[in-house]
Amino acid sequence: MAPITKISQILDGKCTDQKIAVRGWVYRKRESKELIFLLIRDSTGVIQCTVKKTSPAWNEAQKLTIESSLSLEGTVKEDKRAPGGYEINSELVNIIGLAETFPIAKDKSEEFIRDMRHLWLRSRKMNLVMKVRAEVLEATRKYFKQQNYTEVSPPMFISAAVEGGSTLFGLKYFDQDLYLTQSSQLYLEILIYSLENVYCIAPSFRAEKSRTIRHLTEYWHIEGEWPFADMDDLMKFEEGLMTHVCQTIANTCQKEFKELGADIEKLKAVQTPFPRITYQEAIEQLKPANPALTWGSDLGYEDEKVLADKFGKPFFVYDYPTAIKAFYCKTYREHPEIAMSVDMMVPRIGEISTGGAREENKDILIQRMREQGLKPEDYEWYLDLRRYGTVPHVGFGMGLERLLVWMLDLDNIIDAIPFPRTTRRFYP
Ligand code: ATP
Ligand code: MG
């Protein structure tokens, strides 16, 4: 058999008039008396293959069913009519695994396709989304590394809540009650005292009952934390990261965006600096659309969307009321009612990251815990960080899937991750 060639190489015009072999799966099949059209897919693309009745491949090609695995040998021809502009005139078909009738077909409902996730991941859409996801991860790591951040690995089993108790997943850990982590922030805070600039890309778990296009119960969280820094440093880092990732993807994922029909221009348009508005300004801008909003209200998804659609690009909202923020948020000494907290927002999705300065003063931290009904005894190790060489520090967390929903114009966050976990979905 001729050497195995990846389909993308054929589509790039590198094999024209050559005899090659491909290996993959039957994506579509159409048959007439004299000719069989096959679309074969591998990890890199889809190619049209024709089998003439006179070809020695005819008999095997006739047996092929959708999603059968095979190798196929033939000669590559340029053909404007073929999807992708090239086709293979097949001379040999070798069936590797003959497929039973494939359950996913055009007339199936979205619900059904979701139930068949393990098979749907073979679709072009999911193949392309997963590739972009991998590129986003790579670009993210590259940026952190360029900026001298060390990647660390925090635990997923934890003994005390990071975010509010309402979205905490509990579990039995031998004889003890533990939780699944909602964020790795507190652990990154430990590590800055050793490594200074740290980041992690790890799962976070939230028992979110609401079914929205931006919530999963298990999502991947890009989190950074570093010492000797303030709110301005934080926003500069976040916009630098976002710009680097968008520009990299605009460059490396053109084919994927084209095939998915996603708008790549919005990524190219991302440039630093991002607009910044205070929470107070956000409330003023939103009042006409939502008169019920007053200083102190939390911004809901609808509010964030109205605001974000106005900007039409990523931007920051900062200086939130302390009362709606977690115990670890640092507050202004002259204005303890305002917390140094910042959200990055994007059109259509609203919030994609939250960050801020962390309270470094032990006594204020204890007071904030008590105000929120938390027991300082449960956070002894966290308080130790303030006892031994405390430093001003900042950090943020960005949801990888929310970022992808925005980048790829996805309708729903479940398509940004291969095995989505929601209230109702956890199979396979
Ligand atoms: P929301 O108000 O939208 O529920 P949050 O403010 O509770 O989000 P944070 O605790 O600030 O979320 O988490 C940091 C980031 O993690 C968010 O900005 C978002 O990008 C992502 N994130 C949070 N919860 C989820 C979730 N359930 N599914 C997917 N991503 C999430
Ligand atoms: Mg948040």
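Remember, it's 1-based here, ligands and their atoms both numbered in the order they're listed.
Heavy-atom separations between D298 and ligand 1 are all 4.0 Å or longer. For the pair S183 and ligand 1, no heavy-atom separation below 4.0 Å is found. Remark: distances from the non-hydrogen atoms of E351 to ligand 1 include one below 4.0 Å.
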Practice item. Might you work through the salt bridge (charged side-chain N to carboxylate O under 4.0 Å, His left out) test for E151 and K145, ending with a clear yes or no? Key: CA-CA 8 Å; E151 182 165 3; K145 179 146 175 107; over 6 Å; no
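In this structure, Y328 has its ring center no closer than 6.0 Å to that of Y382. A ring-centre distance under 6.0 Å is not found for F311 and F316. For Y187 and W381, the distance between ring centers is under 6.0 angstrom.
For the Mg ion (ligand 2), the N/O/S atoms of D343 include none lying under 2.8 Å.
If you look at I413 next to ligand 1, the close heavy atoms, those under 4.0 Å, all belong to the side chain.
The N/O atoms of T217, backbone and side chain alike, include none that comes under 3.5 Å of an N/O atom in ligand 1. At a 3.5 angstrom cut-off on N or O pairs, I352 counts as close to ligand 1. Among the atoms of G399, some N or O lies under 3.5 angstrom from an N or O of ligand 1. Residue G397 has no N or O atom closer than 3.5 Å to an N or O atom of ligand 1.
When OG1 of T354 and OE2 of E351 are joined through the Mg ion (ligand 2), the resulting angle is 80° to the nearest 10°.
Between Y199 and F144, the angle of the ring planes stays under 30°, which puts this pair in the parallel group of the 30/60° scheme. Using bins of under 30°, 30° to 60° and over 60° for the plane-to-plane angle, the ring pair W226/F396 lands in the perpendicular bin. Ring geometry for Y149 versus F237: interplanar angle of 30 to 60°, hence tilted.
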